[in-house]
Amino acid sequence: MLFVSVIASLLALAGAAPTLDNSRIVARDSNGTLVETSIIPVGDVGCWDDELPTDDTNAAKGKFVEWGEDHRIDGGGWHGEEYGHAAVWICNCKHFKKDHAIPAELDEAQRIIVDICGLESSGWVWSHKWQKSFNFGTAERLKIHEYSTTRCPSNCLWNNDQREGGQE
């Protein structure tokens, strides 16, 4: 009988404990700042010093979304779109699996960058779990890094050749 009372007490305490809302994941950027997300399992966030006009960023993101309706990003590849001064690109570091460009993910990555880096700022969001980075930078940054190993995380792309993928 004592055993049943102890179990009943423990169950009552467990029911009274606060619960974690699993629909919102909290991550920290490289400076320790909390970032709340609901879609992307964030591993890290970084900022660049480039300023991005909001209208150009939204137009580049819109072009990416439109492209993504009919295409996927090759495994070990990347795809980017530019508009005016801004560029948006995704690096797919899963070498053997194509990935989608999902509008809600792009929206959340942009919101995280604004929250961490500031309005009209550039930066990136890395998801280790998804092996995927979301990047919002200048069109110039995208062109400068077109054939370098710095556009996507190291060892992300096949042979670090920075080829553009997703021509499905």
Side-chain angles (χ1 to χ4, degrees), residues 20-50 52 54 57-83 86-139 141-142 144-146 148-168:
L20 177 64
D21 179 0
N22 289 330
S23 66
R24 309 222 34 103
I25 299 165
V26 177
R28 292 186 184 273
D29 72 356
S30 54
N31 295 319
T33 305
L34 289 177
V35 179
E36 191 172 301
T37 68
S38 60
I39 301 170
I40 302 168
V42 176
D44 202 3
V45 179
C47 305
W48 292 308
D49 293 331
D50 310 321
L52 298 177
T54 301
T57 303
N58 290 335
K61 183 176 67 173
K63 287 178 65 177
F64 201 116
V65 167
E66 186 176 318
W67 175 88
E69 291 173 359
D70 298 319
H71 301 88
R72 291 192 291 166
I73 304 162
D74 284 340
W78 68 277
H79 180 79
E81 293 289 342
E82 304 174 28
Y83 183 89
V88 175
W89 67 97
I90 291 177
C91 301
N92 177 14
C93 303
K94 294 177 290 296
H95 286 166
F96 300 102
K97 183 178 178 186
K98 292 185 179 196
D99 207 340
H100 297 277
I102 298 175
E105 292 175 6
L106 287 164
D107 289 342
E108 183 168 87
Q110 183 179 21
R111 182 190 58 81
I112 291 167
I113 291 167
V114 167
D115 287 351
I116 298 299
C117 304
L119 187 62
E120 296 200 342
S121 293
S122 58
W124 48 267
V125 175
W126 166 246
S127 174
H128 180 74
K129 182 175 183 178
W130 288 356
Q131 294 294 294
K132 185 175 185 178
S133 72
F134 302 86
N135 309 274
F136 288 74
T138 62
R141 179 178 292 279
L142 182 63
I144 288 171
H145 297 294
E146 190 165 356
S148 75
T149 58
T150 59
R151 179 184 37 244
C152 294
S154 62
N155 301 317
C156 174
L157 305 182
W158 284 111
N159 300 321
N160 280 328
D161 65 356
Q162 305 296 310
R163 65 185 175 83
E164 185 164 1
Q167 302 306 314
E168 180 182 88

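Index from 1, following the sequence. Small disclaimer: the values here were computed from a predicted structure and weren't measured.
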### Message
Using the ring pair (Phe, Tyr, Trp, His ring centres under 6.0 Å) criterion, which residues pair with W89? Sequence neighbours excluded.
### Response
W48
### Task
Please report the closest heavy-atom contact between G68 and A101, naming both atoms and the distance.
CA-CB, 4.2 Å
### Task
With sequence neighbours left out, write down each residue that passes side-chain hydrogen bond (donor to acceptor under 3.5 Å, both in side chains) with S133, or none if nothing qualifies.
N135
### Summary
H100 meets the side-chain hydrogen bond (donor to acceptor under 3.5 Å, both in side chains) criterion, sequence neighbours left out, with none
### Task
Name all residues meeting the ring pair (Phe, Tyr, Trp, His ring centres under 6.0 Å) criterion together with F64; count only those two or more places apart in sequence or in a different chain, and write none if there are none.
W67, H79
### Message
Restricting to side-chain contact (heavy atoms from CB on, under 4.5 Å), what partner residues turn up for D107, sequence neighbours left out?
### Response
K61
### disulfide (SG to SG under 2.5 Å): pairs with one or both residues in residues 93-128, sequence neighbours excluded
C47-C117, C93-C156
### Task
Would you please name every residue forming a side-chain hydrogen bond (donor to acceptor under 3.5 Å, both in side chains) with D99, sequence neighbours left out?
K94, K132
### Query
Can you pull the salt bridge (charged side-chain N to carboxylate O under 4.0 Å, His left out) pairs that have at least one residue in residues 122-131, sequence neighbours excluded?
none
### Message
Do V125 and V42 make a side-chain contact, defined as non-hydrogen atoms from C-beta onward lying under 4.5 Å apart?
### Response
yes
### Message
For the OG atom of S127 and the CZ atom of F134, what is their distance to the nearest 0.5 Å?
### Response
7.0 Å
### Heavy-atom pair of closest approach, residues I73 and N92
O-ND2, 3.1 Å
### Query
Between Y83 and A60, which heavy-atom pair has the shortest distance, and what is it?
CB-N, 3.6 Å
### Message
For E120, give me all partners under side-chain hydrogen bond (donor to acceptor under 3.5 Å, both in side chains), at least two apart in sequence or on another chain.
### Response
T54
### Task
Quick one: closest heavy-atom pair of L142 and W78, and the distance?
CD1-CZ3, 4.0 Å
### Message
Set out, in order, the CA-CA distance, both residues' side-chain angles and the distance that settles side chain to side chain contact (heavy atoms under 4.5 Å, CB included) for K63 and V88, then state yes or no.
### Response
CA-CA 9 Å; K63 287 178 65 177; V88 175; over 6 Å; no
### Message
With a 3.5 Å distance limit and no angle check, can you tell me whether S122 reaches the backbone of D50 through a side-chain donor-acceptor pair?
### Response
yes
### Query
For the atom pair CZ (F136) and CG (L52), what is the distance rounded to the nearest 0.5 Å?
9.5 Å
## Note on the structure
dist R141:CZ -> E82:CD (nearest 0.5 Å) comes out at 13.5 Å
### Message
Just so I know, are the side chains of D44 and W124 near enough to count as touching, which here means a heavy-atom distance under 4.5 Å?
### Response
yes
### Message
Please give me the minimum heavy-atom distance between I40 and A109, naming the atom from each residue.
### Response
CD1-N, 3.8 Å
### Message
Please check: side-chain N/O of E108 versus main-chain N/O of S38, any donor-acceptor pairing under 3.5 Å?
### Response
yes
